[in-house]
Amino acid sequence: MTDSQQVRVRFAPSPTGYFHVGGARTALYNWLFARQREGKFILRIEDTDRERSDESWTGGIVSALTWLGITWDEGPFHQSERRPLYDAAVATLLDRGHLYACDCTREIVEARTKDRATPGYDGFCRDRGLEPGIGKALRFRVPDTGITTVHDLVRGDVEFANETIEDFIIVKSNGDPLYVLAVVVDDIDMKITHIIRAEEHLPTTPKAVLIWQALDAAPLPLFAHLPVLVNEKRQKLSKRRDRVAVEDYRQLGYLPEALRNYLCLLGWSPTEDREVLTIEEMISEFRLEEVNRSPAFFDEKRLAHFNGLYIRALSDEEFIERSRPFISGEHALWTERQFDEGLFRSLAPLVQARIATLGEIPGYVKFLFAAPFEMDEPSFEKAVRRDELAVTILSEARSAYAKAEFEVEELKELLISIGEQHDRKLAKTQAPVRVATMGSTVGLPLFESLVALGREEVLRRIDGAILRANEEG
RNA sequence: GGCCCCAUCGUCUAGAGGCCUAGGACACCACCCUCUCAAGGUGGAGGCACGGGUUCGAAUCCCGUUGGGGCUACCA
């Protein structure tokens with residue numbers, strides 16, 4: 001390609017399972033590159049294998065990309081709808097002698113090559129002059145000598161000796177084209193200039209180059225093979241064994257901008273030790289040539305850190321809006337009637353400062369809305385049963401709060417003075433009250449929470465705790 | 001097995017021959033702040049896989065070893 005050409009990249013996932021973070025990273029890099037070069041980003045669904053494709057997965061890809069803010073300029077195209085193009089390319093290749101029919105079954109090929117030093121197809125049908133047709137696959141005649149070079153922007157030139165590449169199948173015996181052919185035909189047809197994809201595709205790239213050259217229809221694209229994302233055991237992220245679905249992270253309460261930022265940093269980094277980047281900064285600073293070559297571990301802890309950063313950067317109002325899916329609807333721990341938006345708003349900033357994912361919100365405010373009131377037993381044991389002064393403090397707090405102004409400072413001062421009478425610091429005094437009213441030793445600041453609960457409920461819960469401590473203690 | 005890729009703290013990375021006494025971030029530890037828990041602040045521990053070269057000088061270049069990974073389907 002030349003510099004004057006418009007940049008055209010594509011993201012081409014196969015709809016064979018949940019859309020995962022590795023795919024999202026690949027899509028993001030393609031998208032950033034296209035935006036930076038003012039080119040086009042094309043979405044193409046690689047569903048040449050009908051038996052392995054499912055329309056529902058395509059919907060998942062589309063919604064995940066949309067959620068991440070990765071928009072496409074053309075598509076989504078489906079390979080399954082572009083069959084005529086592949087057939088025409090096959091005709092051309094056949095015409096030029098690049099293909100030959102083969103009727104060897106997989107078993108026969110394996111039996112024949114089992115003892116040979118070089119595995120793979122042995123070229124048995126190369127010169128048998130079989131007539132193409134149903135029941136026979138079409139293989140690409142790979143040159144016996146020479147080198148096929150892949151020009152890769154992140155790895156440099158990668159060379160493959162042609163003798164190590166087998167005569168691979170391009171059309172199945174049932175007439176269906178294979179991915180290796182479809183991808184090349186589509187990339188040529190869509191005038192793709194840069195192929196940015198995961199490293200796992202690198203070994204098949206020389207085959208694509210060979211087909212591309214045999215078709216002789218367009219200059220070769222530039223490649224960029226991104227390092228794979230791995231799990232803690234340093235194996236390629238797998239849909240089967242690892243939690244990788246973008247949708248899962250969405251459900252857990254990760255912000256798309258945080259996931260995007262984290263993903264951007266898995267394999268590339270900007271200068272000056274910066275890590276939090278706006279989308280504009282990513283677009284202007286991203287460089288394919290600076291992408292790392294080694295596999296990167298997808299670290300959820302680090303992702304959570306970024307998510308916390310992004311959550312804390314939200315304005316009060318934005319935080320409330322982002323919270324909605326987690327505080328109402330079918331996943332809420334309470335009914336719509338039990339929920340009170342005003343009360344939630346009053347405590348929201350305190351929640352916002354404490355969480356790393358939006359999914360943690362319910363845990364912080366369930367003491368306010370969920371019925372029946374849930375008591376954490378270990379907390380009760382620790383702060384009430386094992387504290388001989390707990391019941392005394394609860395009783396005194398109850399009396400004081402019964403007639404107090406229900407306001408943060410007032411409630412705090414009252415508890416401080418109760419503590420002083422028993423020579424206790426507030427940290428210790430507040431524990432039984434917190435557990436009695438909020439159900440746990442940990443949680444939101446106590447006095448703000450008491451105000452939200454209201455006098456009546458606070459007194460009721462303290463009474464309940466005293467009763468419970470006495471009857472079971 | 002064959003082909004290919006890779007190799008800086010546990011993790012993500014900065015580093016393109018002298019700026020490195022190897023920088024930042026997550027996680028971890030300590031302290032500060034503090035009504036609990038977080039958040040925030042300060043500090044700490046922790047790394048160039050190994051061996052040869054090249055060079056006045058190597059984390060940086062070359063070769064080898066070792067280790068990891070990917071691919072090896074009439075899947076994508």
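We name chains A, B, ... by the order of the sequence lines, and we start the count at 1 in each one.
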Hey, does the side chain of A:T48 come within less than 4.0 Å of B:A76's phosphate (OP1/OP2), counting only N and O? yes
Mind checking the P distance from B:C4 to B:G23? Whole angstroms is fine. 38 Å
Check: residues 388-397 of chain A side-chain donor-acceptor pairs under 3.5 Å, at least two apart:
{"from": "A:S395", "atom 1": "OG", "to": "A:V391", "atom 2": "O", "distance (Å)": "2.8"}
{"from": "A:E396", "atom 1": "OE1", "to": "A:H422", "atom 2": "NE2", "distance (Å)": "3.0"}
{"from": "A:E396", "atom 1": "OE2", "to": "A:H422", "atom 2": "NE2", "distance (Å)": "3.2"}

Output all residues satisfying salt bridge (charged side-chain N to carboxylate O under 4.0 Å, His left out) with A:D273, sequence neighbours left out; order by chain, then residue number. none
Quote, to the nearest angstrom, the C1' distance that separates B:A45 from B:G53. 35 Å
Once you round it to whole Å, what is the distance between P of B:C74 and CD of A:E107? 10 Å
Can you list the residues that meet the side-chain hydrogen bond (donor to acceptor under 3.5 Å, both in side chains) rule with A:Y364, with sequence neighbours excluded? none
So which pairs with a foot in residues 284-295 of chain A pass side-chain hydrogen bond (donor to acceptor under 3.5 Å, both in side chains), sequence neighbours left out? A:W268-A:E290, A:R274-A:E285
Got a list of protein N/O to nucleotides 69-71 of chain B N/O distances below 3.5 Å?
{"from": "B:G70", "atom 1": "OP1", "to": "A:K236", "atom 2": "N", "distance (Å)": "3.2"}
{"from": "B:C71", "atom 1": "OP1", "to": "A:K236", "atom 2": "NZ", "distance (Å)": "2.5"}

For A:L99 and A:R141, the nearest pair of non-hydrogen atoms, with its separation, is O-NH2, 4.3 Å
Which nucleotide sits closest to the side chain of A:Q79: B:G40, B:A7, B:A76? B:A76
Using a cutoff of under 3.5 Å, can you pull out all pairs of nitrogen or oxygen atoms linking the protein to nucleotides 32-36 of chain B, with atom names and distances?
{"from": "B:C35", "atom 1": "OP1", "to": "A:K412", "atom 2": "NZ", "distance (Å)": "3.2"}
{"from": "B:C35", "atom 1": "O2'", "to": "A:Q430", "atom 2": "OE1", "distance (Å)": "3.4"}
{"from": "B:C35", "atom 1": "O2'", "to": "A:Q430", "atom 2": "NE2", "distance (Å)": "3.3"}
{"from": "B:C35", "atom 1": "O2", "to": "A:R434", "atom 2": "NH2", "distance (Å)": "3.3"}
{"from": "B:C35", "atom 1": "N3", "to": "A:L446", "atom 2": "N", "distance (Å)": "3.4"}
{"from": "B:C35", "atom 1": "N4", "to": "A:E448", "atom 2": "OE1", "distance (Å)": "3.2"}
{"from": "B:U36", "atom 1": "O4'", "to": "A:Q430", "atom 2": "NE2", "distance (Å)": "3.0"}
{"from": "B:U36", "atom 1": "O2'", "to": "A:T441", "atom 2": "O", "distance (Å)": "2.8"}
{"from": "B:U36", "atom 1": "N1", "to": "A:R434", "atom 2": "NH2", "distance (Å)": "3.2"}
{"from": "B:U36", "atom 1": "O2", "to": "A:R434", "atom 2": "NH1", "distance (Å)": "3.3"}
{"from": "B:U36", "atom 1": "O2", "to": "A:G443", "atom 2": "N", "distance (Å)": "2.9"}
{"from": "B:U36", "atom 1": "O2", "to": "A:G443", "atom 2": "O", "distance (Å)": "3.1"}
{"from": "B:U36", "atom 1": "N3", "to": "A:R434", "atom 2": "NH2", "distance (Å)": "3.2"}
{"from": "B:U36", "atom 1": "N3", "to": "A:G443", "atom 2": "O", "distance (Å)": "2.6"}
{"from": "B:U36", "atom 1": "O4", "to": "A:R354", "atom 2": "NH2", "distance (Å)": "3.2"}
{"from": "B:U36", "atom 1": "O4", "to": "A:P445", "atom 2": "N", "distance (Å)": "3.1"}

Rounded to whole angstrom, note down the C1' distance from B:G47 over to B:G10. 10 Å
Are the aromatic rings of A:Y249 and A:Y262 close, with centres under 6.0 Å apart? no
Before you tell me yes or no, could you show the steps for A:V183 and A:H201 under side-chain contact (heavy atoms from CB on, under 4.5 Å), namely the whole-Å CA-CA distance, both residues' side-chain angles and the distance that decides it to 0.1 Å? CA-CA 12 Å; A:V183 72; A:H201 292 279; over 6 Å; no
Evaluate A:C102 against A:I169 for side-chain contact (heavy atoms from CB on, under 4.5 Å), listing each step before the verdict. CA-CA 9 Å; A:C102 170; A:I169 291 177; over 6 Å; no
Between B:A39 and B:C26, how many Å separate the two C1' atoms, rounded to a whole number? 16 Å
Nearest whole angstrom, please: distance from the C1' of B:A14 to the CG of A:N292. 10 Å
Do A:K301 and A:H305 touch side chain to side chain, with heavy atoms closer than 4.5 Å? no
Quiz: residues 350-361 of chain A side-chain donor-acceptor pairs under 3.5 angstrom, not counting sequence neighbours:
{"from": "A:Q352", "atom 1": "NE2", "to": "A:I311", "atom 2": "O", "distance (Å)": "2.8"}
{"from": "A:Q352", "atom 1": "NE2", "to": "A:L314", "atom 2": "O", "distance (Å)": "2.9"}
{"from": "A:R354", "atom 1": "NH1", "to": "A:L350", "atom 2": "O", "distance (Å)": "2.9"}
{"from": "A:T357", "atom 1": "OG1", "to": "A:E360", "atom 2": "OE2", "distance (Å)": "3.0"}
{"from": "A:E360", "atom 1": "OE2", "to": "A:A356", "atom 2": "N", "distance (Å)": "3.1"}
{"from": "A:E360", "atom 1": "OE2", "to": "A:T357", "atom 2": "N", "distance (Å)": "2.9"}

Less than 4.0 angstrom between a side-chain N/O of A:S269 and OP1 or OP2 of B:A14, yes or no? yes
On RNA chain B, more 5' by nearest nucleotide between A:A296 and A:V158 is A:V158
For A:H225, what residues pass the ring pair (Phe, Tyr, Trp, His ring centres under 6.0 Å) criterion, not counting sequence neighbours? A:F223
Would you kindly give the CG-to-C1' distance between A:N162 and B:C3, to the nearest whole Å? 13 Å
Under the 3.5 Å rule, do the base of B:C74 and the side chain of A:S173 count as making a donor-acceptor pair? yes
According to salt bridge (charged side-chain N to carboxylate O under 4.0 Å, His left out), who are the partners of A:R44, at least two apart in sequence or on a separate chain? A:E46, A:D186, A:D187
When A:R312 and A:C104 are each assigned the nearest nucleotide of RNA chain B, the 5'-most assignment goes to A:R312
When the ring planes of A:Y29 and A:F286 are compared, do they come out parallel, tilted or perpendicular, using 30° and 60° as the limits? tilted
Spacing of the P atoms in B:G18 and B:C61 (rounded, Å): 12 Å
What pairs of residues pass the ring-ring contact (aromatic ring centres under 6.0 Å, His included) test when at least one of them lies in residues 138-173 of chain A, not counting sequence neighbours? A:H98-A:F140, A:F140-A:F168
In whole Å, what is the span from the CD1 atom of A:I165 to the P atom of B:G2? 17 Å
Using the P atoms only, state how far B:C3 lies from B:C56, rounded to an integer number of Å. 38 Å
Distance, C1' atom - from B:U13 to B:C48, rounded to whole angstrom: 13 Å
Rounded to whole Å, the CG-P distance (A:L347 to B:A39) equals 19 Å
Return the polar atom pairs (N/O with N/O) between nucleotides 22-26 of chain B and the protein under 3.5 Å, or none.
{"from": "B:G23", "atom 1": "N2", "to": "A:D273", "atom 2": "OD1", "distance (Å)": "3.4"}
{"from": "B:G24", "atom 1": "O4'", "to": "A:D273", "atom 2": "OD2", "distance (Å)": "3.4"}
{"from": "B:G24", "atom 1": "N2", "to": "A:E275", "atom 2": "OE2", "distance (Å)": "3.3"}
{"from": "B:A25", "atom 1": "O4'", "to": "A:E275", "atom 2": "OE1", "distance (Å)": "3.3"}
{"from": "B:A25", "atom 1": "O2'", "to": "A:E275", "atom 2": "OE1", "distance (Å)": "2.7"}
{"from": "B:A25", "atom 1": "O2'", "to": "A:R302", "atom 2": "NH1", "distance (Å)": "3.0"}
{"from": "B:A25", "atom 1": "N3", "to": "A:R302", "atom 2": "NH1", "distance (Å)": "3.2"}

In B/S/- notation, 5' to 3', how is nucleotides 45-51 of chain B contacted by protein heavy atoms closer than 4.0 Å? -------
